[in-house]
Student: 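I'd like to ask you about the structure that follows.
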Amino acid sequence: MDILSDLEARGLIHDTTDRDALATRLSSGPIVLYCGFDPTADSLHVGNLIGLLTLRRFQLAGHLPISLAGGATGMVGDPSGRDAERNLLDDEGLAKNLEGILPQLRMFLNFDGESAAKLLDNRAWTVGVGVLDFLRDIGKHVTVNQMVAKDSVKSRMSEGDGISYTEFSYMLLQGYDYLWLAENENCELQVGGSDQWGNIVLGVDLIRRKLGQSAHALTWPLLTKPDGTKYGKTAGGETIWLSPDKMSPYRFYQAWIGVDDSEVRKLLLQLTFLSLPEIDDLVAEHEKNPQNRLGQRTLARELTAVVHGEQAATSAVEASELLFEPSADMTSVSASALEFVSGEVPSTSMQKLTTGIVDILVETGLCQSRKDAKRAIAEGGIYLNGTRVTESDLTPTADHLLHDKYILLRRGKKLWHLLVVG
RNA sequence: GGGUCGGUGCCCGAGUGGCCAAAGGGAACGGGCUGUAAACCCGUCGGUUCACACCUACGGAGGUUCGAAUCCUCCCCGGCCCA
């Protein structure tokens with residue numbers, strides 16, 4: 001199956017310029033394509049995931065992807081999909097953000113071998129350009145009529161606080177990127193989310209006018225939840241970051257475990273490299289027993305492996321089983337799994353075991369007062385190493401220690417605390 | 001500046017001398033149900049205590065009283081009306 005049909009089947013094509021011409025071009029040999037990522041934060045997030053994966057899909061199909069870090073465009077701010085002006089980043093913040101996202105951009109692509117990818121920063125060709133040159137060489141080829149007609153601009157002009165000239169100019173910078181890449185890197189295709197369509201075709205036009213060449217655009221639908229809002233946050237409202245420093249692999253994994261059944265198929269198609277028949281089988285299996293959440297588990301595992309690596313994915317699965325399978329046998333759990341868990345739940349260290357369970361609960365913050373702790377125990381809401389605590393005068397002993405140093409406490413279903421003794 | 005109404009536990013809000021740790025609702029928490037969901041049902045929801053009891057608490061500080069969230073005085077803060 002060729003790349004375009006594959007993308008189509010996965011629901012990853014929202015719009016393209018001349019579809020047949022693009023298909024012909026793609027089948028005639030490797031093509032250079034690019035996708036831009038602005039350093040708006042010190043890590044990329046799920047919103048950037050499809051872009052990264054799409055570049056990878058193209059590379060796997062033998063094409064030559066360029067990951068473009070928007071060191072220059074990030075200074076200006078893309079108005080697309082925003083209803084308010086962005087705050088400008090200072091140089092220091094921008095540098096920090098760039099530093100954060102560069103390794104992430106590298107992670108998804110292969111930079112060696114036959115179809116080696118490239119990682120570029122648009123500051124390289126933007127910083128030195130003078131205002132007058134820019135206005136004459138780029139500005140002259142674009143009419144304001146055209147620019148004002150873009151949805152991202154129109155909406156900001158008709159409602160809200162308007163749009164600054166800075167952000168209004170964003171599309172010119174992006175157009176210039178495409179032009180520069182076409183001219184210097186033989187780039188013939190730009191891909192992006194559907195909100196990037198206007199910015200991309202502006203570049204396409206620019207290339208036609210300046211270079212007399214044709215260039216292609218391909219966008220995918222923005223990833224949205226059933227309620228129409230963007231993906232990118234967990235149920236708790238936490239942004240799903242790709243950086244392990246900002247969101248641990250475990251929490252990343254958990255974020256996908258919770259997705260709606262109705263979303264499973266779409267997300268597997270769009271976010272994993274599983275083949276279409278594999279996904280069909282998986283979804284069929286999932287629908288037989290939705291309560292097993294095979295689909296979510298597969299999705300979460302695949303995605304965690306892509307973003308954080310195989311090993312982290314395995315640990316995330318293990319830790320999840322430990323914390324969520326009521327039948328999980330704590331006494332046989334591996335030391336490495338406990339080690340991993342200790343990074344995910346709050347922990348307290350104790351010199352030795354002398355205090356009673358009630359005081360321990362207060363010290364760990366699981367309960368607010370001794371009374372609260374006794375109440376929680378009476379209600380059957382306290383578990384020690386997975387076993388419900390029934391006596392409030394219990395004092396844990398060495399027999400309770402897992403691997404000679406851990407005791408895993410739980411209040412209710414989700415509140416964990418690891419006691420490290422020694 | 002004058003008048004007036006008000007300030008109650010995480011939030012809203014009842015309570016106008018003892019039966020008030022303070023109704024009711026919401027949030028939160030635990031249990032049940034369940035697919036690490038929603039809804040629903042049950043329970044808990046100031047602290048110490050096994051408990052009797054005691055302590056702390058109704059804007060702040062004093063006072064009256066055997067006894068005050070409730071009455072009085074002063075102060076602080078908010079709403080509204082008049083200047």
Side-chain angles (χ1 to χ4, degrees), chain A residues 46 224-229 231 233-238 240 247-268 282-304 312-330 333 337-338 340-341 343-346 355-395 408-418:
Chain A
V46 251
T224 51
K225 295 184 183 176
D227 63 7
T229 58
Y231 255 97
K233 307 271 188 191
T234 63
E238 199 182 4
I240 304 178
M247 175 175 258
S248 72
Y250 167 77
R251 279 185 294 140
F252 182 86
Y253 176 89
Q254 282 292 322
W256 299 104
I257 285 291
V259 304
D260 229 76
D261 287 342
S262 60
E263 295 288 284
V264 162
R265 185 188 171 79
K266 184 183 87 182
L267 292 174
L268 281 168
L282 199 65
V283 171
E285 188 63 33
H286 173 85
E287 279 166 359
K288 268 189 238 160
N289 285 304
Q291 67 275 20
N292 291 343
R293 287 188 296 175
L294 177 66
Q296 283 93 335
R297 285 174 204 274
T298 311
L299 173 70
R301 191 177 193 304
E302 288 288 316
L303 215 43
T304 307
T314 305
S315 299
V317 172
E318 214 184 325
S320 296
E321 278 170 5
L322 177 63
L323 297 181
F324 286 103
E325 302 300 328
S327 57
D329 183 5
M330 300 273 173
V333 81
L338 278 169
F340 191 82
V341 166
E344 303 303 333
V345 305
T355 29
I357 184 73
V358 169
D359 288 308
I360 290 173
L361 288 169
V362 175
E363 265 173 60
T364 57
L366 282 175
C367 297
Q368 298 203 331
S369 61
R370 308 193 74 231
K371 186 171 184 173
D372 188 32
K374 283 178 188 168
R375 185 159 48 221
I377 291 169
E379 285 170 337
I382 298 296
Y383 304 80
L384 187 152
N385 292 340
T387 311
R388 177 175 279 173
V389 174
T390 50
E391 304 295 330
S392 58
D393 56 3
L394 174 78
T395 299
L408 200 48
L409 293 169
R410 183 176 115 219
R411 174 170 192 182
K413 292 190 173 83
K414 295 189 182 175
L415 213 53
W416 293 86
H417 200 102
L418 189 70

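Small disclaimer: the values here were computed from a predicted structure and weren't measured. Chain letters run A, B, ... following the sequence lines, proteins first, then strands; residues in each count from 1.
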Student: Nearest-Å distance, CD (A:E287) to C1' (B:G35)?
Tutor: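 After rounding, the gap between these two atoms is 15 Å.
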Student: For the pair made of CZ in A:R293 and C1' in B:U34, what is the distance, rounded to whole Å?
Tutor: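 Going from A:R293 (CZ) to B:U34 (C1'), I get 10 Å.
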Student: Could you work out the separation of B:U48 and B:C42 based on their P atoms and round it to a whole Å?
Tutor: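 Between the two P atoms, the distance is 29 Å.
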Student: So, does A:K374 get its side chain near the phosphate of B:C50, meaning an N or O under 4.0 Å from OP1 or OP2?
Tutor: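 Yes, because at least one side-chain N or O of A:K374 sits under 4.0 Å from OP1 or OP2 of B:C50.
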Student: Side chain of A:E379: nearest nucleotide among B:G30, B:U36, B:G35?
Tutor: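 Minimum distance to the A:E379 side chain belongs to B:G30.
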Student: A:G412 near the nucleic acid: base, sugar-phosphate alone, or nothing, with a heavy-atom cut-off under 4.0 Å?
Tutor: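 If one applies the 4.0 Å heavy-atom cut-off, A:G412 turns out to touch the sugar-phosphate alone, with no base involved.
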Student: Between B:C80 and B:G32, how far apart are the C1' atoms? Round to whole Å, please.
Tutor: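 Per the computed distance, 50 Å lies between those C1' atoms.
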Student: Identify the nucleotide, in any strand shown, that forms a Watson-Crick or G-U wobble pair with B:G78, with both distances under 3.5 Å; if there is none, say none.
Tutor: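 When the pairing criteria are applied, B:C5 turns out to be the nucleotide that pairs with B:G78.
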Student: Report the base-pairing partner of B:U64 (Watson-Crick or G-U wobble, both distances below 3.5 angstrom), or none.
Tutor: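 WC or wobble partner does not exist here.
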Student: Which one is paired to B:C33, where only Watson-Crick or G-U wobble pairs with both distances under 3.5 angstrom count?
Tutor: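 Partner of B:C33: none found under 3.5 Å.
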Student: Indicate, with a heavy-atom threshold strictly under 4.0 Å, whether A:R388 touches base, sugar-phosphate, or nothing.
Tutor: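 Touches sugar-phosphate only.
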Student: Under a 3.5 Å cut-off for both contacts, is B:A57 paired Watson-Crick or G-U wobble with anything, and if yes, with which nucleotide?
Tutor: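 WC or wobble partner does not exist here.
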Student: Report the base-pairing partner of B:A28 (Watson-Crick or G-U wobble, both distances below 3.5 angstrom), or none.
Tutor: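 WC or wobble partner is B:U44.
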Student: On a whole-Å scale, what distance lies between the C1' atoms belonging to B:C12 and B:G63?
Tutor: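 Those two atoms are separated by 33 Å.
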Student: Sequence neighbours excluded and cut-off under 3.5 Å, please list the side-chain donor-acceptor pairs for residues 387-394 of chain A, or say none.
Tutor:
from, atom 1, to, atom 2, distance (Å)
A:R388, NE, A:G380, O, 2.9
A:R388, NH2, A:G380, O, 3.3
A:R388, NH2, A:Y383, OH, 3.0

Student: What integer distance in Å separates A:R297:CZ from B:A37:C1'?
Tutor: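 Result: 14 Å.
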Student: Between the main-chain N or O of A:C367 and the side-chain N or O of A:D372, is there a donor-acceptor pair closer than 3.5 Å?
Tutor: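 Between the backbone of A:C367 and the side chain of A:D372 there is no qualifying donor-acceptor contact (under 3.5 Å).
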Student: Base, sugar-phosphate or nothing for A:N289? Non-hydrogen atoms, less than 4.0 Å.
Tutor: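 The residue A:N289 makes no contact with any strand.
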Student: Determine the Euclidean distance between corresponding P atoms of B:U16 and B:C76; express it in Å to zero decimal places.
Tutor: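 Looking at atom P only, B:C76 and B:U16 are 28 Å apart.
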Student: For A:N292 and B:G35, give me the distance from atom CG to atom P, rounded to whole Å.
Tutor: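 Between P of B:G35 and CG of A:N292: 9 Å.
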Student: Between B:C58 and B:G46, how far is it from one C1' atom to the other, in whole Å?
Tutor: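 Their C1' atoms lie roughly 13 Å apart.
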Student: Given 3.5 Å as the limit, does a donor-acceptor pair link the side chain of A:R410 with the main chain of A:G412, or not?
Tutor: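 Looks like yes, one N/O pair under 3.5 Å.
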Student: Mind checking the C1' distance from B:G6 to B:A51? Whole angstroms is fine.
Tutor: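 These two C1' atoms come out 42 Å apart once rounded.
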Student: Which is true for A:K414 with a 4.0 Å heavy-atom rule: it touches a base, it touches only sugar-phosphate, or it touches nothing?
Tutor: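 The answer is sugar-phosphate, as A:K414 gets under 4.0 Å only of primed atoms, P, OP1 or OP2.
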Student: Return the value, rounded to whole Å, for the distance between atom CG of A:L415 and atom P of B:G31.
Tutor: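 That distance rounds to 11 Å.
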Student: If the cut-off is 4.0 Å, is A:Y383 near the phosphate of B:G31, judged by side-chain N/O to OP1 or OP2?
Tutor: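 Checking A:Y383 against B:G31: at least one side-chain N or O falls below 4.0 Å of OP1 or OP2.
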Student: A:K371 has an atom NZ; how far is it from atom C1' of B:C54, in whole Å?
Tutor: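 Spelled out: NZ on A:K371 to C1' on B:C54 is 12 Å.
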Student: Just checking, any donor-acceptor pair under 3.5 angstrom between side chains of A:E344 and A:S248?
Tutor: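 The criterion, which ignores hydrogens and geometry beyond distance, is satisfied for A:S248 and A:E344.
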Student: From the set B:G35, B:U34, B:C29, return the single nucleotide nearest to any side-chain atom of A:K413.
Tutor: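 Nearest to the side chain of A:K413 among the choices is B:U34.
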Student: Residues in side chain to side chain donor-acceptor pair (under 3.5 Å) with A:R370, at least two apart?
Tutor: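 Here the qualifying residues are A:D359.
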Student: With distance as the sole criterion, is a donor-acceptor pair present between the side chains of A:R297 and A:S320 under 3.5 Å?
Tutor: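 No.
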Student: May I have the distance from A:D372 (atom CG) to B:G30 (atom P), rounded to whole angstrom?
Tutor: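 So the CG-P distance, A:D372 to B:G30, works out to 10 Å.
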Student: Roughly how many Å apart are B:C19 and B:C81, using the P atom of each and rounding to a whole number?
Tutor: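 My reading of the P atoms in B:C81 and B:C19 gives 40 Å.
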Student: How far, in whole Å, is B:A38 from B:A21 if one measures between their C1' atoms?
Tutor: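 Result for the C1' pair: 35 Å, nearest Å.
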Student: By nearest heavy atom, map A:R370 and A:G381 onto RNA chain B; which one lands nearer the 5' end?
Tutor: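 Between the two, 5'-proximity favours A:G381.
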Student: How many whole angstroms separate atom CD of A:Q368 from atom P of B:U48?
Tutor: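 One finds 11 Å between P of B:U48 and CD of A:Q368, rounded.
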Student: Base, sugar-phosphate, or nothing: which does A:R375 touch, judged by heavy atoms less than 4.0 Å apart?
Tutor: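 A:R375: backbone/sugar contact only, no base atoms under 4.0 Å.
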Student: For the base of B:U36, is there a side-chain donor-acceptor partner from A:Q254 under 3.5 Å away?
Tutor: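 Per atom types, the contact qualifies.
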Student: Which comes earlier along RNA chain B counting from the 5' end, the contact point of A:V362 or that of A:D261, where each point is its nearest nucleotide?
Tutor: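 With A:V362 and A:D261 compared, the 5'-side residue is A:D261.
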Student: Is a side-chain donor or acceptor of A:Q296 paired with a backbone partner of A:G258 at a separation under 3.5 angstrom?
Tutor: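 No, the answer is negative, given that no donor and acceptor are paired below the 3.5 Å cut-off.
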